[in-house]
Amino acid sequence: MDTAPSGFAVAQVACPVLESVAVGQRYHRLVVAAPGLAARTRPGQFCHLLCRDAGGSGPFLRRPMSVWRIGADGTLGFLLHVKGRGTAALARLRPGDALDVVGPLGVGFALPPTARRILVLARGVGLATLAPLVGSGPQVHAVLSARAPGDLMADEFGASSYDAVFDSDGSSAPAAVEALLRRRFETERPDAVFTCGSNRLFLVLQRLAAEYGIPGQVALEQQMGCGLGMCFCCVRDIRDEAGHISHQRVCREGPVFDLQQALAW
Amino acid sequence: MDTAPSGFAVAQVACPVLESVAVGQRYHRLVVAAPGLAARTRPGQFCHLLCRDAGGSGPFLRRPMSVWRIGADGTLGFLLHVKGRGTAALARLRPGDALDVVGPLGVGFALPPTARRILVLARGVGLATLAPLVGSGPQVHAVLSARAPGDLMADEFGASSYDAVFDSDGSSAPAAVEALLRRRFETERPDAVFTCGSNRLFLVLQRLAAEYGIPGQVALEQQMGCGLGMCFCCVRDIRDEAGHISHQRVCREGPVFDLQQALAW
Amino acid sequence: MVRLATRIGRLTLANPVMPASGTFGPELAEVMDLDRLGALVTKSVTPEARLGNALPRLAETENGLLNSIGIPGKGLDAFVAQAMPEWRRFRAPLVVSLSAPSVAEFAHAAAVLAATPGVAAIEANISCPNLEEDGRAFAMLPETAAAAVAAVRAACALPLWVKLSPNTADIAAVARACEAAGAEALVVANTILGLAIDIETARPKLGAGMGGLSGPAFKPIALRLVWQCAQAVGIPIIGVGGISTAEDAVEFLMAGASAVQVGTASFVQPTAMLDVLDGLVAFCTRRGIGDVAQLVGAALPRERLAAE
Amino acid sequence: MVRLATRIGRLTLANPVMPASGTFGPELAEVMDLDRLGALVTKSVTPEARLGNALPRLAETENGLLNSIGIPGKGLDAFVAQAMPEWRRFRAPLVVSLSAPSVAEFAHAAAVLAATPGVAAIEANISCPNLEEDGRAFAMLPETAAAAVAAVRAACALPLWVKLSPNTADIAAVARACEAAGAEALVVANTILGLAIDIETARPKLGAGMGGLSGPAFKPIALRLVWQCAQAVGIPIIGVGGISTAEDAVEFLMAGASAVQVGTASFVQPTAMLDVLDGLVAFCTRRGIGDVAQLVGAALPRERLAAE
Ligand SMILES: Cc1cc2nc3c(=O)[nH]c(=O)nc-3n(C[C@H](O)[C@H](O)[C@H](O)COP(=O)(O)OP(=O)(O)OC[C@H]3O[C@@H](n4cnc5c(N)ncnc54)[C@H](O)[C@@H]3O)c2cc1C
Ligand SMILES: Cc1cc2nc3c(=O)[nH]c(=O)nc-3n(C[C@H](O)[C@H](O)[C@H](O)COP(=O)(O)OP(=O)(O)OC[C@H]3O[C@@H](n4cnc5c(N)ncnc54)[C@H](O)[C@@H]3O)c2cc1C
Ligand SMILES: Cc1cc2nc3c(=O)[nH]c(=O)nc-3n(C[C@H](O)[C@H](O)[C@H](O)COP(=O)(O)O)c2cc1C
Ligand SMILES: Cc1cc2nc3c(=O)[nH]c(=O)nc-3n(C[C@H](O)[C@H](O)[C@H](O)COP(=O)(O)O)c2cc1C
Ligand code: FES
Ligand code: FES
């Protein structure tokens, strides 16, 4: 456990697993004890996880995972979509096993200091990245998009005020979400908007936020090697204020970028 | 479990581990359920074991291991010196885990049909290879050599009649063992002799058996790749009747060789 | 039903899965049905009897294996007299891997094999040291590779496969030279040179010092070599290097191999070749692929495919 | 007390452990104390700004990593103006890895670095494509390697290390050519070309197609290259390829390397370099070795040692 202050901003810590539970059909919840890390982690940051089960099996590289819960009790939570070899190894961890965590990493969300009301638009497990905004100060309204009601994970998100949209009934189609967002922007205009998890929804939100003049941010994903800014594997196209497009590292300049500066992926 | 007859002399079988117990400081006992294999295995044969613990960790290649127990109840036993990465992985197996076994392999002991009394000379875990001779027909007298009394494993060997010699009191020195063997050859001359586990004791026995005209065999060890005779990694120098020395495969022509034909290693 | 028959030059194999030379023998018939294989490939045969290299001959690395066996064997005449009768028990075409220390000996040995009933093809293992060139492997340079291949070609009319080495700067050039010299197929590739040291004794782990790396660790390199050769020549390629699952085999087919050989994997899973074959059928079935040949070269750059 | 100081040509390093180019940056100072390293090695700098290769740029293999990053960067002038001030914060000697598409550009860039305060040595990364030679890497042939090295040597007086490529037929010949052309040390080796294919899409897993293999899977090959170079040249060798533990580093030292670089391992264990360093001290202590230099070349064939 990382109780000793190391003097370094980023630590590699073997964290005892406290909870490891399947969520629905495709997701998994991991909670570990990591007091030092938890104290330093800000919403939107991520950790780089060594995906080795108790027997040491797992892929070669680490996997980036947003911090989904930053517990006041010194715990860190991750919510994962069990997708490939790495996340499958994570899902095999059991309470008492150790999870090797490097973090906290990247640049988290920046709430405008005056923001009293924010809107978050999350697709699927993208809500894990946005969840720490709940309780960070402003009042949060969420629009949660999922394949079907069984995949929603509204409890995992934790906001009391949300709209849910689904592929199964067509309500998650970009046009439908646009209509929904317009209604909210007209009636309860947020001071800032945040999104994660869907390129299509990002594009809708980017356009509407520009139209309404609402500042916003998006959390991007990209395959990572080092997670520390050294390998240039994780770049995305980002447009600066002058309109110049350059590669920015998701692990270092991101994962959170200005909503208008990020490009579709 | 390999209950179905495959039609092939050698099978690869995932065998449930029944027993996995440390023996003293450096040894380990593994018993697995393998009815088909057990029925086909002869004393002196070996199996090629995939050394992966329950989490899948272990070295790349299999490891050869003599069959130490051939249970009438369809079990196979292995007795191992926990030495390196492979044997350490085997020692981590727990009852209920599966052990992937390829066998039975190699040429086992050939007892002269008229043998009524045999002598076996074993050093250390070499007794595992010789143990199935106990109960194979003739009366067995053993000379067991070990570092110290705590390493002897006389129970694991199972013969009621034995002499024990130790490094700790000097009784295992070649000259002392030679004297002991001479006494037995004079008083209770065996019809055949067998040895495994020590080059020095092999040389003593080879010389004495030649002198007394007693036939014998030695079980050799050598690093293995395939265990099946295909890779020529496991060769040892063997002299044929005509005195011509050639490489023979321990996995195929052996592991048991004629005592006089084998060369020191 | 998935069509598995595979053409390698003049030979049609029942399926594209076969053993890699030196990792296979008739002994495997004790574990599985060898008649299910697309071909059988012998351990390399040399003109003269050889003892092989100093022991130890194998060392494990991370997910790989170093070997310096050194082609021990009783020599060509003993092979023809003693081993061939045993090989003739099996149904699949027999490919004899041939290795020799000089161009002339390659030619002579090829002529002997041409006169031996039951040999379906020669696989010229030109990764061995060329004693006329300071012990460098024939396969290291296009010229020396071509010389060995041309000699075998001239000496016999059997289907001729040539096994290339990764220990070269430009595999495509070697591949083209072999094609031009008469190779009907390329086997890509032999092991790549590696080393492991026992730090307690400060000696190489292999008796011979360096050895050839094979197994999963080697796979990305072998796959790249196949991909480069497939873009360089028109003759079929047989992919080999680290294949232990059907997925591995599909990668090699997609990289341009028409068939695959399985080597080291058989040491760990004796039935690996059948697992690969069964898995290949399952993959094609799942993906609605009716003929395994459809996979061949599927991942090659489009330009190449368009040009064909 | 174990003596760790290591001479590499004109430079004396506090210890023999440093990062491998392209797998390291000042960012690592957030995780560990960079002043404990024997040297710092920058990502390769190119004369011109470059975007780098198509994504994805990494693919995992069995115990290895394929990369096709493509040396993205802002170019030499920006490096001198923006990156150098940041590097000067650290105590260990700074080795700037330099890559260029032609001999002339190698020379020009070397002259610029010679005029830049704070550069302790140049590591010429000659594994990059030579645009004057059809895109083949300089390091593929002795002649082209020597031309690049000689140009850098003539253009600047800085200590000059040269990083070799495994993608050559005869590393010893390349090593000798570089030594003759003025290299003061050889860094052995860069990644070896590999490929991985996504069998669901039938496309290479890397955006650029092929990539360089690094990590534990590559270790036996890199170790062999070091061993071959150590027997070919008299200048010091810096071993790199798959080192992730102190035991790995000891193998490289025993194979003839005077120092080691750690690359991919830092992705998995950010403090890998310090773990290697601490482990090296522990190994020497346990074995009663007072100077890490005693390990260097300990496993080389005796003839070689006797001749020295
Ligand atoms: C900053 C950041 C935060 C993330 N947070 C979460 C989260 O909270 N919950 C969650 O479920 N997932 C999250 N992801 C995605 C998660 O990293 C991938 O799903 C995971 O790496 C897949 O690994 P795998 O081995 O299971 O899958 P595989 O598909 O086998 O992975 C193969 C390779 O692709 C990479 N990869 C695959 N999908 C992604 C992806 N979406 N993003 C980046 N790399 C990918 C893997 O890292 C690996 O290198 C996040 C990604 C980033 C970059
Ligand atoms: C036919 C045969 C029967 C055997 N029966 C037994 C037995 O009943 N009980 C027992 O404890 N041991 C037995 N051994 C020895 C056993 O195979 C080795 O101790 C074991 O392979 C060590 O593996 P490791 O990974 O633990 O050790 P490591 O030392 O890490 O192994 C490194 C390499 O050396 C090989 N190796 C190391 N020691 C030996 C050895 N003595 N013989 C052959 N290869 C070796 C390993 O297989 C491996 O390839 C037998 C060996 C043979 C050939
Ligand atoms: C133990 C061993 C012996 C080998 N002997 C030969 C040989 O005699 N002739 C040959 O052409 N290749 C030989 N090879 C190379 C293999 O045929 C094959 O090219 C290589 O091992 C890569 O395939 P793999 O990774 O599937 O093993 C040998 C390989 C091993 C591991
Ligand atoms: C992501 C990545 C980027 C690299 N970039 C460079 C580079 O810019 N210049 C260079 O000389 N080598 C580069 N290399 C090669 C490494 O420096 C090193 O030679 C190689 O990775 C083998 O060492 P390793 O197995 O310890 O990683 C790179 C390697 C990786 C994995
Ligand atoms: S993951 Fe290495 S730079 Fe971002
Ligand atoms: S272990 Fe392969 S021939 Fe004996």
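Numbers restart at 1 for each chain; the letters A, B, ... are given by sequence-line order, proteins then strands. What you see is a predicted model, and the numbers here were worked out from it, not measured in a lab. For the numbers below, each heavy atom of this structure counts, side chains included, while hydrogens, waters and symmetry mates do not.
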Between Leu61(A) and chain D, with a heavy-atom cut-off of 4.5 Å, which part of the residue counts as in contact: side chain, backbone, both or neither? both
Can you name the nearest heavy-atom pair linking Phe60(A) to Gly215(D), along with the distance? CZ-CA, 4.5 Å
Counting only heavy atoms closer than 4.5 Å, note whether Leu58(D) contacts chain A via side chain, backbone, both or neither. both
Supply the atom-to-atom distance Cys234(A) SG to Leu55(D) CG, rounded to the nearest 0.5 angstrom. 9.0 Å
Nearest heavy-atom approach of Phe267(D) to Gly225(A) is CB-O, 3.8 Å
Do any pairs count as a ring pair (Phe, Tyr, Trp, His ring centres under 6.0 Å) and have a residue in residues 77-111 of chain A, sequence neighbours left out, and if so which ones? Tyr27(A)-His81(A), Phe109(A)-Phe194(A)
Got a list of the donor-acceptor pairs under 3.5 angstrom between chain A and chain D?
unit_1    : atom_1 : unit_2    : atom_2 : d
Ala9(A)   : N      : Glu30(D)  : O      : 3.2
Val10(A)  : N      : Glu30(D)  : O      : 3.0
Gln12(A)  : NE2    : Gln269(D) : OE1    : 2.3
Phe60(A)  : N      : Glu60(D)  : OE2    : 3.3
Leu61(A)  : N      : Glu60(D)  : OE2    : 2.7
Arg62(A)  : NE     : Val268(D) : O      : 2.6
Arg62(A)  : NH2    : Val268(D) : O      : 2.8
Arg63(A)  : NH1    : Glu60(D)  : OE1    : 3.3
Arg63(A)  : NH1    : Glu60(D)  : OE2    : 3.2
Arg63(A)  : NH2    : Glu60(D)  : OE1    : 2.8
Gln223(A) : NE2    : Leu58(D)  : O      : 3.1
Phe232(A) : O      : Arg57(D)  : NH1    : 2.6
Arg249(A) : NH1    : Glu27(D)  : OE2    : 3.0
Arg252(A) : NH1    : Glu30(D)  : OE1    : 3.3
Arg252(A) : NH1    : Glu30(D)  : OE2    : 3.4
Arg252(A) : NH2    : Glu30(D)  : OE2    : 2.9

Any side-chain heavy-atom pair from Pro270(D) and Leu228(A) closer than 4.5 angstrom? yes
Shortest non-hydrogen contact from Ala29(D) to Phe8(A)? O-CD2, 3.4 Å
Answer yes or no: does atom CZ of Arg147(A) have more than 12 heavy-atom neighbours from other residues, nucleotides or ligands under 6.0 Å? no
